[in-house]
Amino acid sequence: MDNDIERVLYSEETIKEACQRLGHQMAHDYQDKNPIIVGVLKGAVLFMTDVIREMDILAELDFIDVSSYNGGTASSGEVKLVHDLSIDVADRDIILVEDIIDTGRTLKFMQDLLKERHAHSIKVCTLLDKPSGRVVEAKADYVGFIVPNEFVVGYGLDYGDQYRNLPYVGVLKPEIYENK
Ligand SMILES: O=P(O)(O)OC[C@H]1O[C@H](OP(=O)(O)OP(=O)(O)O)[C@H](O)[C@@H]1O
Ligand SMILES: [Mg+2]
């Protein structure tokens with residue numbers, strides 16, 4: 001798989017340092033709040049499991065699966081709820097954990113859903129933020145790295161459901177997805 005990567009953006013070690021920084025920041029902010037930490041399937045799973053282990057606080061975990069890329073490199077524009085939460089979020093403090101915010105459509109969909117269900121507070125932690133991709137207004141409260149306007153894979157991020165198991169984040173060679 002490494003041959004398909006044009007260049008590594010964030011190494012395993014760099015990602016680990018980001019998980020420690022973000023985890024400690026959130027643990028400080030959520031001391032005694034017992035938040036529900038919601039991982040956004042599938043892409044955020046690796047980041048979620050690493051960052052929560054840096055958080056020495058009481059917290060519950062849940063997962064949600066929303067999809068809009070269908071394995072491609074561009075948002076379909078339509079976000080679908082594939083797998084819903086299992087915990088009632090009413091009156092609870094929620095931390096949404098994402099791998100990347102690009103157009104912002106996925107995040108806005110989830111924030112609207114949580115507001116409809118009367119969550120007490122909603123904050124967002126993302127490993128990667130691609131502000132150049134925004135189509136809708138969407139902002140994260142805890143950000144690992146700002147990425148350039150390129151399609152990245154690895155550490156949970158996919159192209160065609162592949163590359164998620166790369167231990168680093170890298171830029172996919174355009175020839176892999178061009179003319180597909
Ligand atoms: O800001 P956006 O343009 O909405 O893109 C960000 C979302 O897109 C990707 O998920 P995807 O829909 O590919 O599902 P996956 O996590 O299962 O790969 C990524 O994991 C984010 O959840
Ligand atoms: Mg994806």
Side-chain angles (χ1 to χ4, degrees), residues 1 4-6 8-10 12 14-15 18-19 22 26 36-52 61-86 89 94-117 119 122-174 176-178 180:
M1 276 192 297
D4 295 350
I5 302 302
E6 187 172 80
V8 175
L9 283 183
Y10 307 108
E12 229 173 318
T14 307
I15 291 170
C19 290
L22 296 171
M26 290 189 285
I36 304 175
I37 303 173
V38 176
V40 185
L41 298 171
K42 299 174 184 165
V45 168
L46 283 71
F47 176 46
M48 162 97 156
T49 56
D50 283 343
V51 77
I52 59 171
L61 303 189
D62 204 348
F63 292 91
I64 191 169
D65 189 357
V66 289
S67 203
S68 58
Y69 277 76
N70 311 315
T73 59
S75 172
S76 64
E78 191 210 346
V79 185
K80 288 196 290 291
L81 181 59
V82 176
H83 176 83
D84 203 348
L85 296 162
S86 51
V89 300
I94 309 301
I95 305 175
L96 276 173
V97 176
E98 261 289 29
D99 51 350
I100 190 167
I101 303 172
D102 195 328
T103 68
R105 288 193 180 105
T106 302
L107 180 54
K108 178 149 182 4
F109 176 91
M110 296 186 293
Q111 288 172 318
D112 291 348
L113 185 75
L114 292 169
K115 285 174 190 162
E116 275 164 32
R117 297 181 180 178
I122 307 163
K123 294 279 187 190
V124 181
C125 173
T126 187
L127 178 69
L128 307 177
D129 188 0
K130 196 190 292 184
S132 57
R134 282 302 183 280
V135 168
V136 298
E137 181 77 24
K139 193 176 89 43
D141 304 280
Y142 305 92
V143 177
F145 308 102
I146 303 283
V147 292
N149 188 20
E150 303 191 81
F151 196 78
V152 296
V153 293
Y155 195 66
L157 290 138
D158 77 301
Y159 170 66
D161 268 318
Q162 305 291 335
Y163 307 104
R164 294 188 197 276
N165 46 320
L166 283 171
Y168 56 79
V169 173
V171 176
L172 195 59
K173 282 179 182 168
I176 300 295
Y177 56 85
E178 273 166 0
K180 276 275 164 37

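All heavy atoms count here, side chains included; hydrogens, waters and symmetry mates do not. Count residues from 1 along the sequence. Whatever order the structure lists ligands and atoms in, that order sets their numbers, starting from 1.
Looking at P148 and L9, their side chains come closer than 4.5 Å, going by heavy atoms from C-beta outward. Residues M26 and I37 fail the side-chain proximity criterion, which asks for heavy atoms closer than 4.5 Å. Residues I64 and L113 are in side-chain contact: their nearest non-hydrogen atoms beyond the backbone lie under 4.5 Å apart.
Closer than 4.0 angstrom to ligand 1 by heavy atom are L41, K42, G43, S67, S68, Y69, E98, D99, I100, I101, D102, T103, G104, R105, T106, D158, R164, sorted by chain and number.
By the side-chain hydrogen bond (donor to acceptor under 3.5 Å, both in side chains) test, D112 pairs with K108, sequence neighbours left out.
Residue Y142 comes nearest to K123 through the heavy atom pair CE1-CB, 4.4 Å, listed as atom of the first residue, atom of the second, then distance.
A donor-acceptor pair under 3.5 Å links the side-chain atoms of D62 to the main chain of S86, judged by distance alone.
Around the Mg ion (ligand 2), protein N, O or S atoms at less than 2.8 Å comprise D158 OD1.
Using bins of under 30°, 30° to 60° and over 60° for the plane-to-plane angle, the ring pair Y10/F145 lands in the parallel bin.
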Can I get a per-line list of side-chain donor-acceptor pairs under 3.5 Å for residues 94-106, giving both atom names and the distance, sequence neighbours left out?
{"from": "D102", "atom 1": "OD2", "to": "K130", "atom 2": "NZ", "distance (Å)": "3.0"}
{"from": "T103", "atom 1": "OG1", "to": "R105", "atom 2": "N", "distance (Å)": "3.2"}
{"from": "R105", "atom 1": "NH1", "to": "S75", "atom 2": "OG", "distance (Å)": "3.1"}

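In the model, D50 has a side-chain atom that pairs as donor or acceptor with a side-chain atom of Y155 under 3.5 Å.
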